[in-house]
Amino acid sequence: EAAVTQSPRNKVAVTGGKVTLSCNQTNNHNNMYWYRQDTGHGLRLIHYSYGAGSTEKGDIPDGYKASRPSQENFSLILELATPSQTSVYFCASGAFKNSDYTFGSGTRLLVI
Amino acid sequence: TQTVSQSDAHVTVFEGDSVELRCNYSYGGSIYLSWYIQHHGHGLQFLLKYYSGNPVVQGVNGFEAEFSKSDSSFHLRKASVHWSDSAVYFCAVSGSGGSNYKLTFGKGTLLTVTP
């Protein structure tokens with residue numbers, strides 16, 4: 001079964017530290033996305049990718065970097081984590097433009 | 001740029017009741033509309049989508065949604081809800097041009113079904 005797997009499921013990080021959130025998909029989808037979910041804001045797009053080697057800025061990219069080394073893997077990197085980045089992060093994949101998305105189960109990040 | 005609004009943050013109904021979750025959008029061009037469901041502690045799951053044709057689309061588990069261009073709406077409905085339908089429902093919109101194809105989500109509506 002096609003799937004999107006995120007790791008870790010939970011993470012506690014210290015302010016100023018580096019955090020890497022990983023996402024792996026077995027769907028062979030070209031497009032991958034990183035969203036964060038916060039109460040009162042719904043889901044907001046951070047970065048996305050059209051395929052291996054490409055990354056694009058979403059609506060709230062500040063403080064985040066992304067890396068897509070292969071079709072299957074898409075990472076979100078917080079070089080200097082801040083408490084405002086405490087959130088639940090979701091990775092998703094989509095076959096092509098306007099296709100429906102398959103989501104991972106999320107990573108709950110707490111920055112202290 | 002597309003936007004989507006879900007006017008109800010929380011809806012509570014009894015099991016067996018019908019329910020309508022509202023979604024309004026704004027976008028000037030061709031539009032894709034979809035609904036996703038999120039059970040507590042899980043990721044989002046696709047329910048249904050509309051792009052063209054019959055304005056009433058059917059999804060999984062008895063859900064359907066109706067597109068209205070005149071009202072800029074894409075409301076989700078279910079005739080008889082079950083306790084397992086309790087979840088957060090997200091409406092999403094994407095356009096057809098340039099970078100607008102990415103999904104923009106509403107803030108979600110929490111549906112609570114009371115036994």
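Computed from heavy atoms alone, side chains included, the values below leave out hydrogens, waters and symmetry copies. Since the structure is predicted, the reported quantities are computational estimates derived from the model, not experimental observations.
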S.K.: Between A:F103 and B:F46, does the ring centroid distance fall short of 6.0 Å?
M.R.: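 Centroid separation for A:F103 and B:F46: 6.0 Å or greater.
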S.K.: Hey, quick one: are A:I60 and A:W34 part of the same hydrophobic cluster, counting side-chain heavy atoms closer than 4.5 Å, chains of contacts allowed?
M.R.: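 Yes, same cluster.
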S.K.: If you count heavy-atom pairs within less than 4.5 Å of chain B, which of A:G42, A:G58, A:A92 leads?
M.R.: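 Most pairs with chain B among the choices: A:G42.
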S.K.: Is A:Y89 reachable from A:I112 through a run of I, L, V, M, F, W or Y residues, each pair having side-chain heavy atoms under 4.5 Å apart?
M.R.: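 No, A:I112 does not connect to A:Y89 through the hydrophobic network.
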S.K.: Measure distances from B:Q45 to the heavy atoms of chain A and classify the residue's part below 4.5 Å as side chain, backbone, both or neither.
M.R.: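 For B:Q45, there is no contact with chain A at all, as no heavy atom is under 4.5 Å.
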S.K.: Using the rule that two of Ile, Leu, Val, Met, Phe, Trp, Tyr join whenever any of their side-chain heavy atoms come within less than 4.5 Å, decide whether B:L76 and B:V11 are in one cluster.
M.R.: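 In one cluster: yes.
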S.K.: For the atom pair NZ (B:K107) and CZ (A:R44), what is the distance rounded to the nearest 0.5 Å?
M.R.: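 Reported to 0.5 Å precision, the distance equals 9.0 Å.
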S.K.: Between A:L43 and chain B, which part of the residue has a heavy atom less than 4.5 Å away: side chain, backbone, both or neither?
M.R.: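 Looking at A:L43, backbone and side chain both touch chain B.
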S.K.: Would A:Y35 and B:L103 count as a side chain to side chain contact (heavy atoms under 4.5 Å, CB included) if you check the C-alpha gap in whole Å, the side-chain angles of each, and the deciding distance to 0.1 Å?
M.R.: CA-CA 10 Å; A:Y35 287 86; B:L103 281 180; 3.7 Å; yes
S.K.: Side-chain heavy atoms under 4.5 angstrom apart, residues restricted to Ile, Leu, Val, Met, Phe, Trp, Tyr: same cluster for B:F74 and B:V93?
M.R.: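 Yes, B:F74 and B:V93 fall within the same hydrophobic cluster.
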S.K.: Counting neighbours of NE2 on B:H40 that are heavy atoms of other residues, nucleotides or ligands and sit closer than 6.0 Å, is the number greater than 12?
M.R.: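 No, because the 6.0 Å sphere around NE2 of B:H40 holds 12 heavy atoms or fewer from other groups.
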S.K.: For the interface with chain B, which of A:Y101, A:F90, A:Y33 has the highest count of heavy-atom pairs at distances below 4.5 Å?
M.R.: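 The candidate making the most pairs under 4.5 Å is A:Y101.
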S.K.: Quick check on the hydrophobic clustering: are A:V14 and A:L78 connected, directly or via other members, by side-chain heavy-atom contacts under 4.5 Å?
M.R.: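 A:V14 does not cluster with A:L78.
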S.K.: Report the distance from atom CD of B:Q38 to atom CD of A:Q37, rounding to the nearest 0.5 Å.
M.R.: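 Answer for the CD-CD pair, B:Q38 versus A:Q37, is 4.0 Å.
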S.K.: Could you give the distance from CG (B:L47) to CG (A:D100), rounded to the nearest 0.5 Å?
M.R.: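 CG of A:D100 is found 11.0 Å from CG of B:L47.
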S.K.: Taking every heavy-atom pair that is under 4.5 Å apart, which of A:G94, A:G106, A:G40 has the most such pairs with chain B?
M.R.: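 Looking at each option in turn, the highest pair count goes to A:G40.
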S.K.: Which bit of A:N31 comes within less than 4.5 Å of chain B, counting heavy atoms only: side chain, backbone, both or neither?
M.R.: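 Side chain only.
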